Amino acid sequence: MNIGILGAGKIAGVMADTINKMDDVELYAVGSRTLEKANAFAREFDIDKAYGSYEELVSDDAIDLIYIATPHSHHYEHMKLCIEHGRNVLCEKAFTYDAAQAEEIAALAAEKKVYVAEAIWTRYMPSRQMINEILGSGVIGDIRTMSCNLSYPISKIERLIRPELAGGALLDVGVYGLNFIVMHMGKEISAIESSVMMHETGVDGQESITVKYRDGRMAVTTHSMYGRSDRKGIFYGEKGYMIVQNINNPQWIDVFDCEDRLIRHVDVPKQISGYEYEVMESLDMIRQGQFQSKSMPLSESIYMMKLMDDIRKGWNKK
């Protein structure tokens, strides 16, 4: 099956390299805002077709799936462009700027009968099920609390500090913390509280978010654009605790008892980059004639956007 990439930036390069190492899939085309940049990308990653506009890319009937790798601010318009041309879509996170845009995309995809999914890789990885199986085994007992964090020194990257490009820590790294919580703690949420420090440009630079559950459980996640965090996800139980190394791309899982003794270590399967799982599932769903992902259906993308909308509304009231 042929894949086209819309956008020719850094993340597009990671995806291109990943697809080139996969079986049963061809990296067929790339589209950029200029032909010069598209040609350079095509040469680097051995791609047959290079288009100097996104309109040319989406008009190519040989493409089975388009991966969108542009800034958050452009996801909505680029997904609409693909859908209106009948192209299946795998769009990088955050899916859209807000829930209203996500709902419109879902409606348009249903109308045009094309596959559309959000490429938040942790939703597709084997580690998701591995973590839930260990939690469900009862090895650390009843879990009432968990914490996670994801921070990188990325405040010098232009797209992340510009409001017009939908910058800020929440949409770029906070989306991982919130997805991690929902994947492993569920959606029976009673309240969300947060604190934020804004960047001088007006986007959120760092925040702490507390998610409260109806049954009394609680999860806390922190995100920042200013420094490197340990990226751990930790579940606290009555019999011990469990640490997931790197919530952004889990590497291993360690389980400890109440005496801080390591009682279990689990490595996640080796991978190309981690991007391959979202590609494989998308192609499988397309082959089956399905229009949504099973790991990240559009209802989940809309739900996550609503959570982030509510968090941002809270900031505006302070």
Side-chain angles (χ1 to χ4, degrees), residues 1-7 11-30 45 58 62-70 75 78-79 82-83 86-96 102 105-106 108-110 112-133 175-176 178-184 186-187 244 246-251 253 267-305:
M1 297 184 77
N2 292 330
I3 294 183
I5 295 182
L6 193 154
I11 198 166
V14 176
M15 178 58 86
D17 183 66
T18 302
I19 294 170
N20 280 337
K21 295 175 181 176
M22 295 175 65
D23 297 325
D24 302 323
V25 61
E26 180 75 22
L27 182 53
Y28 169 78
V30 61
F45 296 103
V58 301
I63 296 174
D64 297 298
L65 175 69
I66 290 181
Y67 169 70
I68 295 176
T70 50
H75 288 174
H78 292 156
M79 278 194 282
C82 290
I83 295 167
R87 300 289 163 246
N88 298 305
V89 175
L90 179 62
C91 182
E92 195 47 62
K93 61 81 201 164
F95 190 59
T96 52
I105 291 296
L108 185 61
K112 299 293 185 179
K113 292 183 171 54
V114 298
Y115 176 91
V116 176
E118 180 179 3
I120 179 157
W121 59 344
T122 50
R123 286 270 186 164
Y124 302 83
M125 291 176 174
S127 56
R128 175 182 180 179
Q129 184 63 28
M130 294 168 66
I131 293 166
N132 284 338
E133 286 177 355
V175 64
Y176 287 112
L178 289 172
N179 269 278
F180 189 81
I181 289 171
V182 170
M183 282 194 293
H184 305 302
K187 297 193 292 187
V244 177
N246 187 6
I247 65 166
N248 188 31
N249 182 9
Q251 302 298 299
I253 305 162
D267 288 314
V268 305
K270 291 184 179 180
Q271 59 190 28
I272 299 172
S273 67
Y275 286 16
E276 63 267 33
Y277 300 112
E278 61 199 41
V279 174
M280 288 189 292
E281 180 172 311
S282 295
L283 296 179
D284 284 343
M285 292 296 100
I286 292 168
R287 290 187 185 101
Q288 294 173 30
Q290 302 297 314
F291 302 126
Q292 293 195 40
S293 160
K294 61 182 180 181
S295 297
M296 191 59 173
L298 293 177
S299 60
E300 283 293 289
S301 293
I302 293 169
Y303 176 82
M304 296 308 301
M305 292 310 308

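What you see is a predicted model; the values in this text were computed from it and never measured.
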Are the side chains of Val279 and Leu90 in contact, using a 4.5 Å heavy-atom criterion? yes

Can you tell me if Arg87 uses its side chain to pair, donor with acceptor, with the backbone of Ile66 under 3.5 Å? no

Mind checking the CD1-CD spacing from Ile105 to Glu118? Nearest 0.5 Å is all I need. 12.0 Å

Which word best sums up how the rings of Tyr275 and Tyr67 line up, parallel for under 30°, tilted for 30 to 60°, or perpendicular for over 60°? tilted

So which atom in Ala119 and which in Glu278 form the shortest heavy-atom distance, rounded to 0.1 Å? CB-OE2, 3.3 Å

With distance as the sole test, does His75 use its side chain to make a donor-acceptor pair with the main-chain N or O of Ala94 at under 3.5 Å? yes

What's the shortest heavy-atom distance between Met130 and Pro269, and which atoms? SD-CD, 3.8 Å

OG of Ser127 to CG of Asp267, rounded to nearest 0.5 Å, is 12.0 Å

Could you tell me whether a side-chain N or O of Asp17 sits under 3.5 Å from a main-chain N or O of Gly13, the two making a donor and an acceptor? no

So which heavy atom on Phe95 is nearest to which on Met305, and how close? N-SD, 4.3 Å

Would you give the length of the straight line joining atom OG1 of Thr122 to atom CE of Met183, rounded to the nearest 0.5 angstrom? 4.0 Å

Interatomic spacing from CE in Met79 to CG in Leu6 - rounded to 0.5 Å: 11.0 Å

How far apart are the closest heavy atoms of Ile3 and Ile63, and which atoms are they? C-CG2, 4.5 Å

Could you give the distance from CD1 (Ile19) to NZ (Lys21), rounded to the nearest 0.5 Å? 12.5 Å

Are Glu300 and Val182 close enough, and set up right, to give a side-chain contact (heavy atoms from CB on, under 4.5 Å), and what steps lead you there? CA-CA 10 Å; Glu300 283 293 289; Val182 170; 4.3 Å; yes

Please tell me if the side chains of Val89 and Tyr115 come closer than 4.5 Å, counting only heavy atoms from C-beta onward. no

Checking the side chain of Asp64 only, and the main-chain atoms of Asn2 only, is there a donor and an acceptor separated by less than 3.5 Å? yes

Do any N or O atoms from the side chain of Gln292 and from the backbone of Leu298 form a donor-acceptor pair under 3.5 angstrom? yes

Interatomic spacing from CD1 in Ile11 to CE in Met15 - rounded to 0.5 Å: 7.5 Å

Given Val30 and Phe45, is the side-chain contact (heavy atoms from CB on, under 4.5 Å) satisfied, shown in steps? CA-CA 10 Å; Val30 61; Phe45 296 103; over 6 Å; no

Can any side-chain N or O of Gln271 pair as donor or acceptor with the backbone N or O of Ser273 at less than 3.5 Å? yes

Check: Lys294 main-chain N/O paired with Glu281 side-chain donor or acceptor under 3.5 Å: yes

Checking the side chain of Asn88 only, and the main-chain atoms of Leu65 only, is there a donor and an acceptor separated by less than 3.5 Å? no

Does any non-hydrogen side-chain atom of Lys93 lie less than 4.5 Å from one of Asn179? no

Has Lys187 got its NZ or CZ under 6.0 Å from the middle of the six-membered ring of Tyr303, at an angle within 45 degrees of the ring axis? yes

Closest contact, heavy atoms only, Lys270 versus Tyr277: O-OH, 3.9 Å

Quick check on side-chain contact (heavy atoms from CB on, under 4.5 Å): which of Ile83, Val116, Val114 does Leu108 satisfy it with? Ile83

Can you list the steps and then say if Met1 with Asp24 is a side-chain contact (heavy atoms from CB on, under 4.5 Å)? CA-CA 7 Å; Met1 297 184 77; Asp24 302 323; over 6 Å; no

Can you confirm whether Val175 sits close enough to Met304 that some side-chain heavy atom of one is under 4.5 Å from a side-chain heavy atom of the other? no

Are Asn249 and Met125 close enough that some pair of their side-chain heavy atoms sits under 4.5 Å apart? yes

Over all heavy atoms of both residues, which pair between Arg123 and Ser295 is shortest? Give the atoms and the distance, please. O-CB, 3.4 Å

Are any side-chain N or O atoms of Glu276 and backbone N or O atoms of Ile272, one a donor and one an acceptor, separated by less than 3.5 Å? yes

